[in-house]
Amino acid sequence: MKTPQKTAKLAGALYLMMAPFAIFSVMYVPSLLIEAGDTGATVLNVIEYQRLIRSGIVSWLICQVIFIFLVVVLYDLLKVVNRNTASLMVILALVGVPIACINELNRFAALLLLSDADYLTALDINTLHAQVMLLLGLHTSGLYIAQVFWGLWLFPFGYLVFKSGFLPKSLGILLIIGCFGYLADSITFFLFPFFDLTVSPITGIGEILFPLWLLIKGINIERWKQHAMQPF
């Protein structure tokens with residue numbers, strides 16, 4: 001009787017646990033580094049905040065590891081609704097993890113370019129600065145590629161929540177809306193690069209309310225048991 005409730009609480013805790021690591025790495029660190037239209041200032045920031053950048057890389061990798069465990073726990077909780085849809089949720093979620101992890105090589109390479117390595121003496125200072133800016137831009141682009149899958153996994157996830165009966169349907173709807181918010185931002189970034197507008201911070205409200213609901217209210221155990229007794 002207590003097992004699914006504990007699973008729900010664990011999922012909520014893992015979901016919220018990711019937030020500080022993600023905010024630090026993807027929002028706070030870039031806010032200190034990037035000076036729009038000013039290559040020199042940005043490069044100086046990279047030199048000054050090298051330890052912060054390294055911390056951001058590690059923080060992001062920790063976030064991805066937590067995300068893997070979160071997806072597994074959510075599968076355990078939601079597979080009673082529909083095993084195939086839950087499997088699709090896991091696949092879409094996990095595809096984005098290696099993209100997000102490998103993308104951190106761009107930030108690490110930017111640090112290497114500004115190191116005192118002997119093999120970099122063949123490059124003039126302007127070339128080095130241009131390459132640093134290129135790598136930082138590639139890192140941003142890589143995040144938007146990973147964001148495609150951050151969006152896609154929310155669709156089967158939201159559908160499972162909506163159909164579950166042991167969680168509010170409204171949460172499922174909000175998660176599905178979050179899916180389209182992420183996709184809209186990625187499409188806009190690549191097709192309309194000068195259109196500086198993102199909607200995912202607004203449409204992502206479901207990803208805030210869902211873990212809070214799990215931690216505060218939990219799930220309806222009787223409804224969960226009804227699903228569990230049905231053949232998959």
Side-chain angles (χ1 to χ4, degrees), residues 1-23 60-101 146-186 199-232:
M1 287 290 289
K2 293 183 179 180
T3 300
Q5 200 68 273
K6 288 182 178 179
T7 302
K9 300 287 185 182
L10 176 60
L14 289 172
Y15 222 133
L16 290 181
M17 196 184 301
M18 290 194 306
F21 294 104
I23 292 172
W60 187 240
L61 296 179
I62 292 173
C63 179
Q64 297 309 301
V65 172
I66 296 173
F67 183 58
I68 292 172
F69 285 103
L70 168 64
V71 173
V72 172
V73 173
L74 286 174
Y75 174 82
D76 191 39
L77 180 68
L78 297 171
K79 67 183 179 182
V80 296
V81 181
N82 186 293
R83 187 181 291 270
N84 290 334
T85 304
S87 297
L88 177 62
M89 175 191 72
V90 171
I91 292 170
L92 291 174
L94 295 185
V95 167
V97 172
I99 298 174
C101 290
Q147 187 166 295
V148 171
F149 296 97
W150 300 345
L152 288 176
W153 89 286
L154 290 177
F155 193 90
F157 179 21
Y159 173 81
L160 290 168
V161 172
F162 181 83
K163 297 290 289 185
S164 69
F166 52 81
L167 287 163
K169 291 182 180 293
S170 58
L171 289 178
I173 294 172
L174 288 174
L175 290 170
I176 292 173
I177 291 174
C179 160
F180 292 108
Y182 279 124
L183 294 179
D185 283 351
S186 291
V199 298
S200 56
I202 300 173
T203 60
I205 186 66
E207 289 192 272
I208 299 174
L209 296 179
F210 180 78
L212 291 176
W213 182 276
L214 291 182
L215 287 173
I216 297 170
K217 299 287 289 185
I219 62 172
N220 185 315
I221 294 292
E222 292 304 318
R223 292 288 185 88
W224 188 93
K225 287 182 63 180
Q226 289 174 11
H227 278 291
M229 290 187 293
Q230 298 297 321
F232 288 106

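Counting heavy atoms of neighbouring residues, nucleotides and ligands inside a 6.0 Å radius, atom CZ of F166 exceeds 12 of them.
Residues G172 and V161 share a closest heavy-atom pair of N-CG1, 3.5 Å. Closest heavy-atom contact between G12 and L214: N-CD1, 3.7 Å. Of all the heavy atoms in V71 and A93, the pair that sits closest is CG2-CB, 3.6 Å. Nearest heavy atoms, G181 versus T203: CA-OG1, 3.2 Å. Nearest heavy atom pair, residue Q5 against residue G218, reads OE1-CA, 3.2 Å. Scanning all heavy atoms of the two residues, the minimum distance from A86 to K79 falls at CB-CA, 3.9 Å.
No side-chain heavy atom of D185 sits less than 4.5 Å from a side-chain heavy atom of W150. Using a 4.5 Å heavy-atom threshold, the side chains of Y75 and S87 count as touching. Considering only heavy atoms from C-beta on, V148 comes within 4.5 Å of L183 through its side chain. Using a 4.5 Å heavy-atom cutoff, the side chains of N84 and L88 are not in contact. The shortest side-chain heavy-atom distance between L74 and W153 falls under the 4.5 Å cut-off. I219 is listed as a side-chain neighbour of L77, based on a closest heavy-atom distance under 4.5 Å. Side-chain atoms of V90 and V72, non-hydrogen and from C-beta on, never get closer than 4.5 Å to each other. The closest side-chain heavy-atom distance from L160 to L167 is not below 4.5 Å.
We find the CE-CG distance between M17 and L10 to be 8.0 Å, quoted to the nearest 0.5 Å. In this structure, the separation between CZ on F157 and CD1 on I176 is 10.5 Å, given to the nearest 0.5 Å. Residue I202 holds its CD1 atom at 12.0 Å from CD1 of I177, rounded to the nearest 0.5 Å. Taken from CG in L212 to CZ in F210, the straight-line distance is 11.0 Å, to the nearest 0.5 Å. With rounding to the nearest 0.5 angstrom, the CD1 atom of I205 is 11.0 Å from the CG atom of L175. The distance from the CZ atom of F21 to the SG atom of C63 is 8.0 Å, given to the nearest 0.5 Å.
Applying the side-chain hydrogen bond (donor to acceptor under 3.5 Å, both in side chains) test to every pair with at least one member in residues 159-184, sequence neighbours left out, gives these pairs: Y182-E207.
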| said: Quick one, T85 with M89, criterion side-chain contact (heavy atoms from CB on, under 4.5 Å). Give me CA distance, side-chain angles, the key distance, then yes/no. | reply: CA-CA 6 Å; T85 304; M89 175 191 72; 5.9 Å; no
| Worked verdict on L92 versus L154 for side-chain contact (heavy atoms from CB on, under 4.5 Å) | CA-CA 9 Å; L92 291 174; L154 290 177; over 6 Å; no
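Without hydrogens or angle criteria, W224 side chain to V80 main chain gives no donor-acceptor distance under 3.5 Å.
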